[in-house]
Each structure stands twice: as structure tokens, then as C-alpha cells.
Amino acid sequence: MPAATRPPHFVEQIVEADIAAGRWDLGRAESAGGTCMRTRFPPEPNGYLHVGHAKSICLNYALAMKYGGRFNLRFDDTNPAKEEQEYVDSIVRDMRWLTSAFGGSFDSGPHAGGLYFASDYFGFMYACACDLIGKGLAYVCELSAAEVGERRGSVGVPATSPFRDRPPAESLKLFDEMRRGEHADGRMTLRARIDLESPNFNLRDPVMYRIVREHHHNTGGAWCIYPMYDWAHGLEDSLERVTHSVCTLEFENHRPLYDWFVRAVNQGRRAGVLRTSEGGALADRSGQSAAPTSTGADWPPSAEVWHSQQIEFAKLQLTYTVLSKRNMLKMVSSGIVRGWDDPRMPTLSGMRRRGYTPGAIRALCEDVGVTKVDSVIDLVRLENALRDDLNRAAPRAMGVLRPLELLVENWPVSPDGKPVVDMLDFVVNPERPGAGTRKVPFDGRLLIERDDFMETAGADFFRLAIGQEVRLRWAYFVTPTRVDKDASGAVTRVICTYDPATRGGDAPHGPDGKPVRKVRGTVHWISAAHGVPAEVRLYERLFAAEFPGQATGNWMDDLAPSSLEVVSAVVEPLLTQGEVGATFQLERLGYFCVDPDSGPARDVAARKLVLNRAVTLKDGAKGAAGALASTKPASGAGPSGKTYSFGQTAHTLKLSKERLGEVLVSLGMAAAPEKLTQAEFDKVRKHVTGR
RNA sequence: AGGGGAAUAGUGUAACGGUAGCACAACUGACUCUGACUCAGUUAGCCUAGGUUCAAAUCCUAGUUCCCCUGCCA
């Protein structure tokens, strides 16, 4: 269903109800009139953004766009041990790139909310923490990390801390010493005084501050104590006046904490004018900047702070994909891939390099919807989203991945002894007639795809074979007559004749206007004299298993043996002029993208063209005759069962042939075991595995 | 054991007491100067068991299954 006509998802329903109820009165605080809501994306700069983050970014940005709100990018940089400037830079770059699909960004366009750093709020957070201590809601605890672990208790057994009832004045003094660096790392922490018996372990007096002596990318060495996520996050949202703080499902257990901290800060504060999520009042901030700074340490002095609403949704997961930062880091550091931007990586940087468009990623995110159901999306849907986008946008070109010589023996020769060069019209994009045509040279000495020729064709092979007439795309009909072979018997050259009456690739028409001669296959080609060499990198999915690690518990066990194949291709010279990142379709092969390794486009002469295959075209061929675009192995029996391929997805049925026969009989199915349809396969699997 | 969530075709996702739809995948076929695109059709679903109701995917009760939670990570 098109996004425009789809009913609102559950987050949108919440927002709409809030707007209808006038719950968030941002109008007073925001000079940019009419803003009734605000969202944010809060990455920790400890890794690269990936396609999972894209769903969150698209959700938050789309919400701001739909409801006339704003969208913030905020770095949740409260742990200097893991965070780096490199990640900040990459995230900013990737954010701008992705949100360009919405025509704006966090810092441009009508929905720009701004760029923020949690570390800019450390002063304010520190002041609030002191306030909590004064109210008896927090205390300095001198238990070591190990001791806290031992004393955390269990279900039905409360946690303990001997420091829980320390007088506020004493905690205040120690907390100040912590801040000034008078205590060693890990020596003590500030803990919230909540409930040591809570069945929700997050509430068993969680740590608010720890001592960490690490260089911070933003604050340098200004601090040696750092706030924990739960303490910091609600205040970050509060200061930025985020209305709907959208996060993933695993934070549901943290929501009580999120709310507790904001209430704790507000306890005893003066009620203000703006309404909060709880229907109470918030400080009148007219005149206050929407962008708080570190100088706001004691602001607001005595008024309640904004209480954002946390909402959880199910994150995006993909089959054949590993998305945890920890595991992705391992792929990078152990050399499984060439870097964070390796085109096989599900990072936004990797996808951009591979040829993915922001629009395709946005389309996928909108297509899968927003719910609280823990779900895994078929990777083919991502690929389809790209195909869909590029089919409309990408210009067409020709190139051969595995060249085989094709000689047109009756092609005319000009008086100087050289073959005639015929400049033919090539349609730039059939989906966009307005894109027009361009000229391609044809001189009778060509290169074709090795897979497009078979000496003897079966009934389902439409391409070149001895005696089988085929169309060369936009050129002529040709009929192979014979081949040359090398000593090993391999075909080295195909010789054919052409029909001058078919120039442009049109079939001759009879008097009734109908084609008198039809041809089943159309094949791409390139003039051997005019083509240029290109290194083409063909990617397969990194993992062979639908759910990496499911079988053995170790995702590394499911790494595909080979996910990169490099071929020496010959492509149209036009492509050497393509800018880095330019995408186009190589007809009948797939969509390709100019890799940065090619060097800049302005230096055409010195350029070594490198192309990435972003995605193949769908292969609709029945039977074994297809698979030109795909390099996937054909289905066959494995050691532990039989593997069936449906489209691009392989499924294995771990069943003996005999047992499979029995199952088919018991299900009353007449299907041949060698050729199950997906529906039949699913039925069998359900019968055997119960799911 | 305790707490927090979620269950609708193979995969996702609608329905908000009133005919279980849609997308993707699969399968047929049509069209086609890309075995692409496009178009038409087919297969296939409410976790289970009770209850309320004229009527239940929806409300109630009891189960079942799956996910998250005992970092000084986020």
C-alpha cells in the first residue's frame, strides 16, 4: 500500500492523539510557529550507522515532516571509552545522505531541529544530580563494580548497599570530590535511591555517574565523571524539548527509570506554564534558546523540566545480515571485509558505496511499517526497493562481464580496409522516454557475454546458438554459423552473419504492419575496438544462512565462503566519465555504481574504472537456462538434506528421500520430491517441524 | 521462578464488535528490442481452549510460544 494512503501506525496514532488533545504546547517555546512536536535520533558515536538505524531515522524524520515538527540529531556521547571523532564525522555524513531522501536534514529544510551533543549538557546534568542528592534521591556508593554485582540480588532477593543511607551532605562532598578527580576510576559511583527490591532490576538503585579517565571527543579532559544512559537520556530529550522520544523495544524495561529520573528532578520545583506529558505544568521558557548549552548548568533554577514521552518500536532486522555493532566491528577489524564502507556491509557507508540510494532505503523503511512485533525482514525486499528506485532513475548502458568474441562475417568493410562503423541509437532509459537516445558504435567485431552462447540450445535457451537467430540490442539480428575452439575444446570465438534489414534491432514488418519475423532472445554486446576495460566487483551476500549464528551459536560459522568476485569486464567508454557514486544499469546484468577506487572523473585518461554491482536484475528465466544475472549455485542435495531455491532464497529440508516421500503421501500431495513449489515446501516443513 | 513486551498467509503489515484486506515471495499466464519493467490470475492466514454477544482477529478468563531484563554499555 502506498505510504500516503496507509492508515497511521501506532506511533502516528499517539502523536495524532496528542495533537488533538493539545498535549504538547511547544508553540510558546518555539518561535518557529506551529511546531507541535519534535523528534530526535540519538546515536552513540561508537560505530557506523547501519540499515537498522535507517529505520529509526526515517521514522523520526517522517514523523516531524508529517506533523509539522522538527527533527534533531543528537550524539548520545556519555561514554568516552568507546566513542571517537571518526564516528561522529561518519554519522553526520551518513545522516545528511540518508535524509536527503526527505528533501531536508537535521540542519537544513523546514524540519531541521539542529545538531546536539549530550556532552554539552554535562554541566546541567551535574547540577541536577546534586539536586537529587540534596533531596535524598541519590547517594555516593563506594561498592566496587564486582561488589555491586554480587549484591544485586535476584528474583525475590533484594539488592543491598551499605551506603544507601549516607547523609546527603556527605554524598554531596564525595560527589564533588569525584568530579574534581580526587578518586580513582571505579572507586565509587553516584547511585539513584529508588527501590532495591524492584522486580525490574533497572530500578535497583542504578548507577548515575561513574569515574572514567578517558579523553572525550567533545569535552576533552574537562570531566572525569560521566553520566549513565538512563540518567542522561531523559534530560537530553528534556533540554531539546523532544516530545516523542522514540527508541527500540529493549528499552521498554527502562521507561520506568526514564520517567522516574525526570520526576525526581522535578520534585519540589516550581510548576511552570507549559504542559508536560503528564498534564502538569512546565517552566515558561519564552526567550530561552531551543539549543541549550553547557552554560545552562544551573538552568532552569527552580522550574520543572520538560518531560518527554518514551515510545518503543521494533527495530529493523534483515535476513542474511548481522547488524550488531560489536560483530560489525569484528568483521572490520579482522579483515573479513575491507572496512566499514565495504559494499558488502549493511552500513549506510557501505550501502552508499555499493550503489544504494537514500530513496530505496527510505522506501524499504516505509514499506515494512512500524509496530512492536519483533520481526525479521527478507533481504530481497531491500534489494527490490533498490531495483524499483534504480529502474526508474538509472540510465542504461552495455558492458560484458565475461567477454566472448563474436565476429559478424558478412559485415561490410570500407574502402580503407577497416570495418564500417555504424552509429546506432541506444535508448537511455525505456522507463523515461524523455531521457532520449545516444549513439553507440557497431563495427561487426564484438564482445558478448560468454553465458549468452551455447553451441546447441535447448528449448528453453533463447540466446545465441548455432543456427538460432537472436537480436543484438538496438543493433541487428544475427545468426551464429560456426565457432572457433582452442586445444581444450573451449569456444574462443563465435562467427555469425547479420541481416541488414534488421538495423536498429527492429524485426522486419509485413504489409499488415506486423513483424514477419520474431526472435526470442535479445543479447547485449559491445564493440571490441571501442570498449574499455573495467574492474567489476560482484558481490554476494556476506552470510550463507538466513539467520547467521542460529545453527551453531556463532555467526562467523555462517560467513559465505565467497562473497566477492572480481572480473575484468569491457564496458562502454561513456562510463569512464561517470562520477564516483554514479549508478547505471548494465542491460540484462544489473545495477552498477562507480567505486571511489576509480579515482576522480575529471582525470579520465588516468582512470582505472572500478564498478560495484549494487544488485542484479531479477532473473525470471525458468529452469537452468536462466541465471545470467545471478551467480548463485543451482539447487541440489546437500549432505544433510535437500536444498530448494525459491527466487533468490534457498531453503534446506533436512529429510531423507524416503521420509519426504512418506510425508508427501500423508499430506495427499502428488508433488515430485525433486521439484516442490514454495507452497508445497512450506506445507512439508510445517508438517515435519510443526512450524 | 519474578518483571516487561509480542502473537493475523512463507515474510511483513491492515482491521479498533459487523464480508479477514494489502505488499513482498512462490506458482500460472499475457505483454515485451533487457528472460528486466508492466499487467492478469492462483496458492496461502486470525497461537490454543473456554466464555460474553445476534455477531469476536477485536471484549473477558485460562493456557501456549517467542523476545527483552541482574554493565560502573547505549
Side-chain angles (χ1 to χ4, degrees), chain A residues 1 6-7 9 13 42-44 46 76 78-79 81-82 141 143-145 148-149 152-156 159 185-186 188-191 198-204 206-212 226 228-230 232-233 247 249-256 312 314 319 325 367-378 380-381 384 387-388 391-392 396 398 427 430-431 460 462-463 471-475 504-507 519-524 585-590 616-622 625-629 646-649 651 677-683 685-686 691:
Chain A
M1 190 181 291
R6 194 171 42 203
H9 56 67
Q13 289 178 23
E44 183 189 14
N46 68 343
D76 201 6
T78 59
N79 184 5
K82 293 186 175 178
C141 177
L143 253 21
S144 70
V148 171
R152 195 166 323 270
S154 57
V155 174
D185 286 19
M188 53 185 70
T189 58
L190 183 71
R191 288 228 253 166
S198 175
N200 181 346
F201 280 62
N202 295 315
L203 262 14
R204 316 253 268 215
V207 172
M208 293 169 66
Y209 276 94
R210 74 283 214 193
I211 305 171
V212 179
Y226 289 90
M228 298 286 290
Y229 168 85
D230 290 301
H233 207 85
C247 62
L249 251 27
E250 63 266 34
F251 290 101
E252 280 179 316
N253 291 327
H254 294 248
R255 189 170 0 108
E312 311 85 14
T319 56
K325 278 188 193 174
D367 189 35
V368 300
V370 180
T371 67
K372 300 190 73 153
V373 184
D374 201 12
S375 55
V376 185
I377 305 300
D378 273 344
V380 294
R381 292 178 71 170
N384 281 337
R387 291 187 181 106
D388 192 45
N391 178 47
R392 269 177 280 122
R396 315 286 134 119
M398 290 200 288
V427 174
E431 303 291 322
D460 58 355
F462 307 157
R463 289 109 80 187
R471 168 168 33 236
L472 295 179
R473 181 78 159 156
W474 305 121
D506 282 322
V519 113
R520 295 219 54 184
T522 298
V523 158
H524 60 278
Q585 184 194 110
L586 244 28
E587 292 221 343
R588 301 210 309 127
L589 295 174
T616 63
L617 255 31
K618 263 193 214 162
D619 186 0
K622 315 283 184 292
L628 170 66
F646 306 112
Q648 302 198 4
T649 311
H651 303 269
T677 65
Q678 182 168 4
E680 289 163 341
F681 174 89
D682 290 333
K683 248 178 211 165
R685 192 188 59 187
K686 214 164 191 170
R691 57 174 206 94

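Residue numbering restarts at 1 for every chain, and letters A, B, ... go by the order of the sequence lines. Side chains included, hydrogens not; waters and symmetry mates left out as well; all remaining heavy atoms used. Keep in mind that what you see is a predicted model, and the values were worked out from it rather than measured.
Using a 4.0 Å heavy-atom distance criterion, A:M188 is classed as making no nucleic acid contact. Within 4.0 Å (heavy atoms only), A:T78 reaches sugar-phosphate atoms of the nucleic acid but no base atom. Residue contacts for A:T189: at a heavy-atom cut-off of 4.0 Å it reaches a base atom on one of the strands shown. Within 4.0 Å of A:T371, counting heavy atoms only, lie sugar-phosphate atoms of the nucleic acid but no base atom. At a threshold of 4.0 angstrom between heavy atoms, the contacts of A:V427 with the nucleic acid are absent. Residue-level contact check: A:L203 touches neither bases nor backbone, having no heavy atom under 4.0 Å from any strand. Nucleic acid contact class of A:G153 (heavy atoms, under 4.0 Å, all strands): base. As judged by a 4.0 angstrom heavy-atom cut-off over every strand, A:D506 is placed among the base-contacting residues. As judged by a 4.0 angstrom heavy-atom cut-off over every strand, A:H233 is placed among residues making no nucleic acid contact. Within the 4.0 angstrom heavy-atom criterion, base atoms lie near A:G186. Residue-level contact check: A:E44 touches the backbone only, with heavy atoms under 4.0 Å from sugar-phosphate atoms and none from bases. Looking at heavy-atom distances under 4.0 Å, A:Q585 makes contact with a base. Across all strands, A:P256 comes closer than 4.0 Å to no nucleic acid atom at all (heavy-atom distances). Residue contacts for A:F251: at a heavy-atom cut-off of 4.0 Å it reaches a base atom on one of the strands shown.
OP1 or OP2 of B:C73 lies within a sub-4.0 Å distance of a side-chain N or O belonging to A:R210. Checking the phosphate oxygens (OP1, OP2) of B:C22, no side-chain nitrogen or oxygen of A:R6 falls inside 4.0 Å. OP1 or OP2 of B:A25 has at least one side-chain nitrogen or oxygen of A:N384 nearer than 4.0 Å. For A:R152, no side-chain nitrogen or oxygen approaches OP1 or OP2 of B:C69 to under 4.0 Å. The side chain of A:R471 places no N or O atom within less than 4.0 Å of a non-bridging phosphate oxygen (OP1 or OP2) of B:U34.
Using a cut-off of 4.0 Å between Lys/Arg side-chain N and Asp/Glu carboxylate O, A:E312 and A:R255 are scored as salt-bridged.
Rounded to an integer number of Å, the gap from CG of A:N79 to P of B:C73 is 6 Å. Atom CD of A:E431 and atom C1' of B:C39 are 13 Å apart (whole Å). Here B:G35 presents its C1' atom at 13 Å from CG of A:L589, a figure rounded to the nearest Å. As rounded to whole Å, 10 Å separates atom P of B:C69 from atom CG of A:N202. Atom CE in A:M228 sits about 12 Å away from atom P in B:U70, given to the nearest Å. For the pair A:K618 NZ and B:C39 C1', the interatomic distance rounds to 13 Å; values are reported in whole Å. What separates CG of A:L617 from C1' of B:U34 is a distance of 7 Å, to the nearest Å. In this structure, A:H254 atom NE2 and B:C69 atom P are separated by 8 Å, rounded to whole Å.
Taking 3.5 Å as the limit, the base of B:G5 and the side chain of A:N253 contain no donor-acceptor pair of atoms between them. One cannot find a donor-acceptor pair under 3.5 Å joining the base of B:A14 and the side-chain atoms of A:H9. Between the side chain of A:R255 and the base of B:G4 there is no donor-acceptor pair of N/O atoms closer than 3.5 Å.
Straight-line distance between the P atoms of B:G2 and B:C47: roughly 24 Å, to the nearest whole Å. When the C1' atom is used for both B:A55 and B:A15, the distance is 16 Å, rounded to whole Å. The separation of B:A14 from B:G50, taken at their P atoms, amounts to 29 Å, rounded to a whole angstrom. Rounded to whole Å, the separation between the C1' atoms of B:U19 and B:A25 comes to 27 Å. The separation of B:G45 from B:G4, taken at their P atoms, amounts to 35 Å, rounded to a whole angstrom. Taking atom C1' in both B:A74 and B:U38, the straight-line distance is 46 Å, to the nearest Å. Remark: the separation of the C1' atoms in B:C46 and B:G29 is 32 Å, to the nearest Å. Look at the C1' atom in both B:G5 and B:C72: the space between them is 27 Å, to the nearest Å.
Heavy atoms only, all atoms of each residue included: A:R191 and A:R204 are closest at NH1-O, 3.6 Å. The two atoms that bring A:V373 and A:A314 nearest to each other are O-CB, 3.1 Å, heavy atoms only. Between A:R471 and A:A507, the shortest heavy-atom distance links the atoms NH1-N, 4.3 Å.
Taking for each of A:G369 and A:P43 the nucleotide of RNA chain B with the nearest heavy atom, the 5'-most of the two is the partner of A:G369. If A:Q13 and A:K82 are placed on RNA chain B by their nearest nucleotide, the residue sitting closer to the 5' end is A:Q13.
When distances are taken from the side chain of A:V148 to each of B:U70, B:C72, B:C24, the shortest belongs to B:C72. Residue A:E252 has its side chain nearest to B:G4 when only B:G4, B:U11, B:G3 are considered. Closest approach to the A:T522 side chain among B:A6, B:G2, B:G35 is made by B:G35 (side chain taken as heavy atoms from C-beta onward). Distance from the side chain of A:D374 is smallest for B:C67 among the nucleotides B:A74, B:C67, B:G3. Distances were taken from every side-chain heavy atom of A:V373 (C-beta onward) to each of B:G12, B:A6, B:C37; the shortest belongs to B:A6. The side chain of A:D76 sits closest to B:A74 out of B:A74, B:U34, B:C37.
Contact annotation: the side chain of A:T522 never approaches that of A:E587 to less than 4.5 Å [non-hydrogen atoms, C-beta and beyond]. Within the 4.5 Å cutoff, the side chain of A:Q585 has heavy atoms near those of the A:L617 side chain. In this structure, A:E431 and A:R396 have side chains that are in contact, with non-hydrogen atoms separated by less than 4.5 Å.
Nucleotide B:C16 forms a pair with no other nucleotide shown, judged by Watson-Crick or G-U wobble geometry with both contacts under 3.5 Å. Pairing for B:A57 is absent, judged as Watson-Crick or G-U wobble with the two contacts each under 3.5 Å. Remark: B:U65 base-pairs with B:A6. Criterion, Watson-Crick or G-U wobble with two distances under 3.5 Å. Under the Watson-Crick or G-U wobble criterion, with both distances below 3.5 Å, B:C27 is paired with B:G41.
Under the stacking definition used here (centres under 5.5 Å, planes under 30°), the residue A:F462 qualifies as stacked on the base of B:G35.
Here CG of A:D460 is found 9.5 Å from CZ of A:R520. Values are rounded to the nearest 0.5 Å. Rounding to the nearest 0.5 angstrom, the gap separating the CG atom in A:D185 from the CD1 atom in A:I211 is 7.0 Å.
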Between A:E44 and A:T78, does the side-chain contact (heavy atoms from CB on, under 4.5 Å) criterion hold? Intermediate values first, please. CA-CA 8 Å; A:E44 183 189 14; A:T78 59; 5.9 Å; no
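Base orientation of B:G71: syn, since the glycosidic angle falls within 90° of 0.
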